[in-house]
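Scope of the values below: all heavy atoms of this structure, side chains included, with no hydrogens, waters or symmetry mates.
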Amino acid sequence: MILTEVVKVKEGRSTVYNKITTEEKLKEVNPENLQLTEDFMEYLESVDRSRGTIKQYRANLNVFWCWNLEFNSNKFFVDLTKRELVKFQNHALNEWKWSPRRIRVVKATISSLSNFVESILDDEFEDYRSIIKKIESPPLEAVREKSVFTQEELQVLLDVLVKEEEYMKACLLALAMYSGRRKSELTRFKASYFRDEYLICEGALYKTPEKMKTKGRGQRGKMLDVYTLAKPFKPYLDLWMQERERLSITSDWLFPKCKNGEWIDESIDTGTIDSYSKTYTRILGKPFYPHSCRHMFCTMLLEQNLPETVVQDIIGWQSSDMVRIYDDRSKDTMIEKYFGDGGIKQVEQKGIEDL
């Protein structure tokens, strides 16, 4: 197995491909470090960390162990010094050309391992103290410019997709726009979720008949009621449902897989959505990524004067702070909404049924 780091950084740095870990290298890694990894992974499972988190932690540690093998005499983790950890950070930044954000992610994994040794293995290493947090990280820099889309821009994209009879792509985009769900969550919708009996708020919203798994701690993630704005979404749903009937698709997954020319009873994976995103990018003329629809959805609801608490409940955030993070309105736009004509405007707050 080869882990390839692909990092895009600005200011003239080109894309860098680093083949850092191989099976051959890992066989030479200090056995004590490999055993420490296994103990740490077992601990993460015991506290119900998600499979994705555990997989990423293992990959990050494998990178660190291979650096330690090649450039730091394969030392045991507990014996590492701050100077040696600084050497790793410098190597990642200047030799592997990692972004500061990538460095912080790997350092967070190393820090978690350090905390595990200090707190859980204290009977074996009673004098060990975590040192990774004492090492300053390089300042964050923008790796890519955030793409901000208005509802109007994405409507143009929808129109093009419909004209080209790309109904599945159009339906998936519309679902992302009017539910605000993450990429992985878009694959979990079922066609049966969009029956008329699941309309609420006088037909303004579809509410899933069962809670859906969303991002969160643990193997199950966070289970939420999921809402979709019905009126703007339904035209694209109808086009796709008609196309499904023409294609004799019987799977209840809203977006099933097509394998070897046959539609099977499995949902598409996120790789398919990544492929669709390339099509969207080509048509739009600027980078598209599914999470931009989450921003657009939140901003659109706020522009309709919905209270932040309502937006928070619709998207399923635990804190209203997230509403402000996903609000793409400029400061001037927000101020102008409430001031004019020589004073303060009276702005009517709306409800979901007004959308």
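- Minimum interatomic distance between Pro138 and Arg104 (heavy atoms only, all atoms of both residues): O-NH2, 3.0 Å.
- Follow the hydrophobic side-chain contacts under 4.5 Å out from Leu301 and you reach Ile325 in the same cluster.
- Taking the ring centroids of Phe116 and Tyr57, they lie at or beyond the 6.0 Å cut-off.
- Inter-residue side-chain proximity for Lys234 and Tyr178 is flagged as unmet; no heavy-atom pair is nearer than 4.5 Å.
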Pair Val148-His295, side chain to side chain contact (heavy atoms under 4.5 Å, CB included): steps then yes or no: CA-CA 8 Å; Val148 176; His295 281 263; over 6 Å; no
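- Taking OG1 of Thr187 as the start and CD1 of Ile273 as the end, the distance is 6.0 Å to the nearest 0.5 Å.
- Residues Glu118 and Arg129 meet the side-chain proximity criterion, which asks for heavy atoms closer than 4.5 Å.
- Asn60 CG to Lys107 NZ: the interatomic distance, rounded to the nearest 0.5 Å, is 13.5 Å.
- A perpendicular orientation is assigned to the rings of Phe88 and Trp98, their planes being inclined by more than 60° (bins at 30° and 60°).
- By the neighbour-count criterion of 12 heavy atoms within 6.0 Å, atom CD of Glu210 is densely surrounded, having more than that number from other residues, nucleotides or ligands.
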Trace of the side chain to side chain donor-acceptor pair (under 3.5 Å) decision for Asp238 with Gln242: CA-CA 6 Å; Asp238 289 344; Gln242 292 165 15; 5.7 Å; no
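- Side-chain polar atoms of Ser114 and Tyr128 form a donor-acceptor pair below 3.5 angstrom.
- To the nearest 0.5 angstrom, Glu95 atom CD is 11.5 Å from Ile20 atom CD1.
- A cation-pi contact, defined as under 6.0 Å to the ring centre and within 45° of the axis, is absent between Lys257 and Trp263.
- Summarising the local packing, CG of Asn260 is surrounded by 12 or fewer heavy atoms from other residues, nucleotides or ligands at distances under 6.0 Å.
- Shortest non-hydrogen contact noted between Leu80 and Ile131 is O-CD1, 3.6 Å.
- One finds the CD atom of Glu24 at 10.5 Å from the SG atom of Cys66 (value rounded to the nearest 0.5 Å).
- Legend: salt bridge (charged side-chain N to carboxylate O under 4.0 Å, His left out) pairs involving residues 277-301, not counting sequence neighbours, sorted by first then second residue: Glu153-Lys286.
- The aromatic rings of Phe64 and Phe77 sit perpendicular to each other, their planes meeting at more than 60°, with 30° as the lower class boundary.
- Heavy-atom minimum distance, Pro256 versus Ile268: O-CG2, 3.4 Å.
- In this structure, Thr208 contributes its side chain and Val226 its backbone to a donor-acceptor pair below 3.5 Å.
- For the pair Trp67 and Asn72, the minimum side-chain heavy-atom distance is below 4.5 Å.
- Ionic pairing of Lys169 and Glu164 is not present here: no N-O contact between side-chain nitrogen and carboxylate oxygen is shorter than 4.0 angstrom.
- The line from CZ of Phe297 to CD of Gln151 is 10.5 Å long, rounded to the nearest 0.5 Å.
- Taking both residues in full, the closest heavy atoms of Ser251 and Asp265 are given as OG-OD1, 2.7 Å, listed atom of the first, atom of the second, then distance.
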Trace of the side chain to side chain contact (heavy atoms under 4.5 Å, CB included) decision for Phe233 with Ser179: CA-CA 9 Å; Phe233 172 61; Ser179 71; over 6 Å; no
Candidate pair Tyr206 and Tyr193, rule ring-ring contact (aromatic ring centres under 6.0 Å, His included), full reasoning: CA-CA 8 Å; Tyr206 285 107; Tyr193 288 174; over 10 Å; no
Derivation and outcome, salt bridge (charged side-chain N to carboxylate O under 4.0 Å, His left out), residues Arg246 and Glu243: CA-CA 5 Å; Arg246 188 185 70 78; Glu243 182 71 359; 2.8 Å; yes
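- Side-chain contact check for Glu166 versus Leu173: every heavy-atom pair is 4.5 Å or farther apart.
- Phe255 and Ile264 end up in different hydrophobic clusters when Ile, Leu, Val, Met, Phe, Trp and Tyr side chains are linked at under 4.5 Å.
- Between the side chain of Arg188 and the backbone N or O of Met212, no donor-acceptor pair lies under 3.5 Å.
- No donor-acceptor pair closer than 3.5 Å links the side chain of Ser111 to the backbone N or O of Ala108.
- Under the 4.5 Å side-chain criterion, counting only non-hydrogen atoms from C-beta, Ile200 is in contact with Tyr227.
- Contact between Phe194 and Leu175 at its shortest, heavy atoms only, is CZ-CD1, 3.9 Å.
- Looking at heavy atoms from C-beta onward, Val78 lies out of side-chain contact with Leu121 at the 4.5 angstrom threshold.
- Between Glu38 atom CD and Leu36 atom CG the span is 10.0 Å, to the nearest 0.5 Å.
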Residues Leu44, Thr53; criterion side chain to side chain contact (heavy atoms under 4.5 Å, CB included); working and verdict: CA-CA 9 Å; Leu44 293 175; Thr53 296; 5.6 Å; no
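- For Phe288 and Tyr280, the ring centers are positioned less than 6.0 Å apart.
- In terms of modelled atom types and a separation under 3.5 Å, the side chain of Asp225 and the main chain of Lys207 share no donor-acceptor contact.
- Nearest heavy atoms, Glu308 versus Val323: O-CG2, 3.8 Å.
- Of the options Asp328, Thr150, Leu306, Leu229, a side-chain contact (heavy atoms from CB on, under 4.5 Å) to Met300 is made by Leu229 and by none of the others.
- Ion pairing between a basic and an acidic side chain is recognised when a charged N comes within 4.0 Å of a carboxylate O; Glu32 and Lys75 show no such pairing.
- Residues Phe149 and Met177 form no side-chain contact, since every pair of their non-hydrogen atoms from C-beta on lies 4.5 Å or further apart.
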Verdict with supporting geometry, Met41 and Thr37, side chain to side chain contact (heavy atoms under 4.5 Å, CB included): CA-CA 6 Å; Met41 297 300 110; Thr37 295; 4.1 Å; yes
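- Panel note: side chain Asn90, backbone Leu93; no donor-acceptor pair is recorded below 3.5 Å.
- Here the side chain of Gln312 pairs a donor or acceptor atom with the backbone of Trp317 at under 3.5 angstrom.
- Under a cut-off of 6.0 angstrom, the local environment of CD in Glu42 is sparse, with at most 12 non-hydrogen atoms contributed by other residues, nucleotides or ligands.
- No continuous path of ILVMFWY side-chain contacts below 4.5 Å connects Val156 to Leu161, so the two sit in separate hydrophobic clusters.
- Between Leu254 and Met241, some side-chain heavy-atom pair lies under the 4.5 Å cut-off.
- Using modelled atom types, no side-chain atom of Asn62 and backbone atom of Leu26 make a donor-acceptor pair closer than 3.5 Å.
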